[in-house]
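What follows is a set of notes on a single structure, which appears directly below.
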Amino acid sequence: MVCLFMSCNLQCFYVMEDSITTSTPMDTTASKIQQLQKAFAELESHRAVTLNLKWKQLEEHFHGLQKSLKRRFTELEEQEKEFDTKIVESKEMLEKRKAAVVAKEQTSLEKLQEKRDAALSAIVTALGKHDNPLSSGPGVLTRENKVEAPCLEDKATNVLVSMGRINNTVHNMSALVKSYPGLVKLCQDMNSEGLLKFISDNRKDLVTLKEEIPFALRAAHDPASLVLDSLKGFYGADMVNSDAKKDSNLIGLRRTCIMLMECLSSLILGLDSVSGIISESAKERAKAIAERWKPKLDYLDIDASNGNSLEAHAFLQLLATFGINSDFDQACLSKLIPMVSRRRQTAELCRYLGLSDKMPGVIDVLVKNGRQIDAVNLAFAFELTDQFSPSSLLKLYLSEAKKMPSPAKPGNTSPGVSAQNDVNEKELTALKAVIKCIEDHKLEQQFPVEPLQKQMIEIEKAKADKKRATEVAKPQSKRPRANGASHVPRAANAASDKNFYGGMTERYPQYVYDTPAYAYAAPNNHHVPSYGTPAYSFSPSNGNFFGKAYQYHTAYLH
């Protein structure tokens, strides 16, 4: 019972202790002890047995607790006072430091303002001399000069702001153009000829150049004019078209011009406003160039019918980059698409030029001209595979490839063997192109590649057997003549050793810019029908083979 009483009273005591505030606990302790004493005395009067625990012991215990609490309370008060003192000192220190920083900033601003005023005064004086060369001196202000002073100051301010922007731009671009920092200087100087030469000298690394040129173009005060300046030599002066195709330097220059226009498009993509890069005067100049180029497209050679025309590509890219496609008839532009159908940028060019609705007619033209693989690629690019079945087009392409006999070439001792070799080459090339197209567009379920691969193996084996048989049947070399000259007989299969690309490799050096793919052939003399516009046709391909197939890459035009 005593234990129960003690526990109950201790709980009451601690509850009271938790509820008191820091200002009153010591004042109420004595009264609580007296109340507890009375309760204890009352309990003793009712007890049946004598308790071993005396009130004196409990009183001493509670008084000890009271002293301990008072001591702890005093310590906490002292710590609180120290903490408040430290807070006040810290605030005073921060205020002093803030005042020192503000004073330094004000001093720096005053010095900067003095320098700015001095520079502004010098520029105003220089502009005043330029506008009034008969003035009596830099310190003399006539009535006219006083009137023009605000205008001169505004001009000087604009000059300073522009200089600051140019310096910041050049600095930032130099940091971004790491591999070829010389590009920044060439663009800053608006040196189009030097830029073309620099790209030509480093054409082995065109991938890196194409990544860094858009950043370098930002250093130019007029990137659009710089790119337009680079187009001056696109058509060689007084050069016949056939000779131009044999000039590898001109071909490289044309590819570089196209790449620069693409880089300008990439630069525009990263900006909020096109007008900040391409001004109205630049658009007018680009339109004038396009008007001069357009008539030349009527005399394109076989490369146009093969879908690999640099001239047509450059023309369309010029319209797309400078946003002047609305100044030209869409029907005429759509006729140029088959001329560039093998170029990897064709799909994005069509979208930007607003020719997406013309794609069904373009694809139909490609199919009827024996360009089924180009048709498949464009059908996938514009989601027209329901209208143009890819597997059906590829089967048609293989079927027509087997029906393309080559005429006997003059000078061949065995025209039959040579023609058969050419047929085998065409069929083999067609199989490779179809397999590549199937893999690119994941058509294995609709058109399995295993039978095609078996056909390739059979054709290659037959070629190897014929080659061995031809080598065994070669006539023996004749004895040396009296003058020491020896006669070397012509190989019977010399025609089969020729490049089946039809000289495309020699006329078009391989650049990283044009990723090569499988080659494929086009049938002879297909008439090209019209689609909603006057009829037009392509020049016959004469059984020529193409060194590059259509291939799609990541879009980069706006």
Side-chain angles (χ1 to χ4, degrees), residues 6-37 58-125 149-178 181 184 215 218-219 270-273 276:
M6 293 298 295
S7 62
C8 292
N9 283 280
L10 286 173
Q11 290 177 1
C12 292
F13 178 77
Y14 287 118
V15 169
M16 291 188 295
E17 186 177 355
D18 291 338
S19 64
I20 60 177
T21 63
T22 57
S23 60
T24 60
M26 303 307 162
D27 299 332
T28 59
T29 304
S31 62
K32 299 298 181 182
I33 293 176
Q34 291 177 0
Q35 293 176 8
L36 186 60
Q37 183 181 6
L58 290 175
E59 186 177 17
E60 291 176 355
H61 173 69
F62 286 123
H63 281 298
L65 290 176
Q66 184 181 11
K67 291 179 181 179
S68 177
L69 289 173
K70 284 183 178 181
R71 185 174 61 254
R72 182 60 180 163
F73 181 74
T74 304
E75 292 175 356
L76 290 174
E77 283 184 335
E78 292 177 354
Q79 291 179 1
E80 184 178 3
K81 291 179 181 178
E82 292 178 359
F83 183 71
D84 291 339
T85 303
K86 290 181 179 180
I87 289 177
V88 172
E89 292 176 354
S90 299
K91 287 183 178 180
E92 292 177 353
M93 186 180 297
L94 288 175
E95 290 295 333
K96 291 180 181 179
R97 291 183 178 179
K98 182 178 179 181
V101 171
V102 171
K104 289 182 180 180
E105 288 181 351
Q106 187 63 29
T107 303
S108 299
L109 287 175
E110 290 176 356
K111 291 181 179 179
L112 183 61
Q113 185 66 29
E114 291 176 359
K115 293 180 179 180
R116 179 185 177 278
D117 292 341
L120 185 61
S121 176
I123 294 176
V124 169
T125 302
C151 297
L152 293 175
E153 185 172 353
D154 292 340
K155 291 180 181 179
T157 303
N158 294 333
V159 170
L160 288 174
V161 172
S162 300
M163 290 175 62
R165 289 178 179 174
I166 291 173
N167 291 334
N168 291 335
T169 300
V170 173
H171 176 73
N172 295 335
M173 293 310 102
S174 298
L176 293 173
V177 183
K178 298 179 180 179
V184 177
F215 298 108
R218 295 185 183 181
L271 300 176
D272 297 332
S273 175

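Here the structure is a predicted model, which is why all the values come from computation and not from measurement.
A search for side chain to side chain contact (heavy atoms under 4.5 Å, CB included) contacts involving E60 returns K56, not counting sequence neighbours. Legend: residues meeting side-chain hydrogen bond (donor to acceptor under 3.5 Å, both in side chains) with Q34, ordered by chain and number and at least two apart, are absent. Applying the side-chain hydrogen bond (donor to acceptor under 3.5 Å, both in side chains) criterion to R72, with sequence neighbours excluded, gives E75. Residues forming a side-chain hydrogen bond (donor to acceptor under 3.5 Å, both in side chains) with D117 (at least two apart in sequence, or on another chain): Q113.
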List the atom pairs, with distances to 0.1 Å, where a side-chain N or O of residues 105-112 and a protein N or O form a donor-acceptor pair under 3.5 Å, not counting sequence neighbours.
residue	atom	partner	partner atom	Å
T107	OG1	A103	O	2.9
S108	OG	K104	O	3.1

Name the atoms and distances for all side-chain donor-acceptor pairs under 3.5 Å in residues 78-99, with sequence neighbours left out.
residue	atom	partner	partner atom	Å
T85	OG1	K81	O	2.9
S90	OG	K86	O	3.0

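Taking NZ of K70 as the reference point, atom CG of L65 lies at 12.5 Å (rounded to 0.5 Å). In this structure, CZ on F215 lies 10.5 Å from NZ on K178, to the nearest 0.5 angstrom. Atom CZ in F62 sits 6.0 Å away from atom CG in L58 (nearest 0.5 Å).
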